[in-house]
Amino acid sequence: DVKVTQSSRYLVKRTGEKVFLECVQDMDHENMFWYRQDPGLGLRLIYFSYDVKMKEKGDIPEGYSVSREKKERFSLILESASTNQTSMYLCASSFSTVGSGEKLFFGSGTQLSVL
Amino acid sequence: DQQVKQNSPSLSVQEGRISILNCDYTNSMFDYFLWYKKYPAEGPTFLISISSIKDKNEDGRFTVFLNKSAKHLSLHIVPSQPGDSAVYFCAASNTGTASKLTFGTGTRLQVTL
């Protein structure tokens, strides 16, 4: 079974802090994604990566950055956390299958509260 | 600009009856569609998918229907079971370009006894 592991289940941070959310997948997937889930808004894509050291902006990248130094690890960085970044953050991975259907495998999520 | 919409935030169905969850999309370039199920405190898990070359796909109790002309898809669960109570997200992608999925806002299904 594919396993996508997010380092923290719950995280509480203060406004202005730098926050790192870590994600590791064990299936040698090329693609990795960061989404956030908010009530009434569904899942929105923040950033994604098709390969090591590659990154592309999703639909809501403002206030976030990412790092992918190794294929299995994808980090989401909040440079200066703000209260509107309080959310459930979900990491996902998938094989590279451009031209056919893509299936994402998700981690359990990190509930981040910014006070 | 919500390209994938689930207009019903919640749905309550009795055990044994049919659950029908609906999803509409606006981007005509989408050609692959998926449904995910999410329990509280867990990540979404893949349920069923359909390519735009088909109009129906079945997997056990779950069937997805696609109406391309209406840009509408639906998920049918028959018969509904209490363990089906979860939030269901539909998602869409354009397989010719980026592999990312665009998700809807979700429908919370509650199956009552």
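In the text below, chain A, chain B and the rest are named by the order of the sequence lines, each starting its count at 1.
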*Residues of residues 38-68 of chain B under 4.5 Å from chain A (heavy atom pairs)?*
Lys38(B), Ala41(B), Glu42(B), Gly43(B), Pro44(B), Phe46(B)
Donor-acceptor pair, distance only, cut-off 3.5 Å: does the side chain of [X] make one with the backbone of [Y]?
X	Y	value
Arg68(A)	Ser49(A)	yes
Tyr36(B)	Leu104(A)	yes
Thr107(B)	Ser8(B)	yes

*Any side-chain donor near an acceptor of the partner, Tyr64(A) and Arg36(A), under 3.5 Å*: yes
*Between Val111(B) and Ser85(B), which heavy-atom pair has the shortest distance, and what is it?*
N-OG, 2.9 Å
*Pick one of side chain, backbone, both or neither for Leu41(A), based on which atoms fall under 4.5 Å of a heavy atom in chain B.*
backbone
_So for Asp38(A), is it side chain, backbone, both, or neither that comes closer than 4.5 Å to the heavy atoms of chain B?_
neither
*How about residues 5-14 of chain A versus chain B: which residues have heavy atoms under 4.5 Å apart?*
Arg9(A)
*To the nearest 0.5 angstrom, please state how far the CH2 atom of Trp35(B) sits from the OH atom of Tyr88(B).*
10.0 Å
_Tell me which one of Phe95(A), Phe74(A), Tyr50(A) satisfies ring pair (Phe, Tyr, Trp, His ring centres under 6.0 Å) with His29(A)._
Phe95(A)
*asked:* Under the side-chain hydrogen bond (donor to acceptor under 3.5 Å, both in side chains) test against Asp24(B), which residue among Gln6(B), Gln3(B), Lys71(B), His72(B) passes?
replied: His72(B)
*Kindly indicate, with the supporting measurements, whether the criterion side-chain hydrogen bond (donor to acceptor under 3.5 Å, both in side chains) is fulfilled by Gln14(B) and Thr112(B).*
CA-CA 5 Å; Gln14(B) 273 190 322; Thr112(B) 58; 5.2 Å; no
*asked:* Once you measure the plane-to-plane angle for Phe103(B) and Phe106(A), does it fall in the parallel (<30°), tilted (30-60°) or perpendicular (>60°) bin?
replied: perpendicular
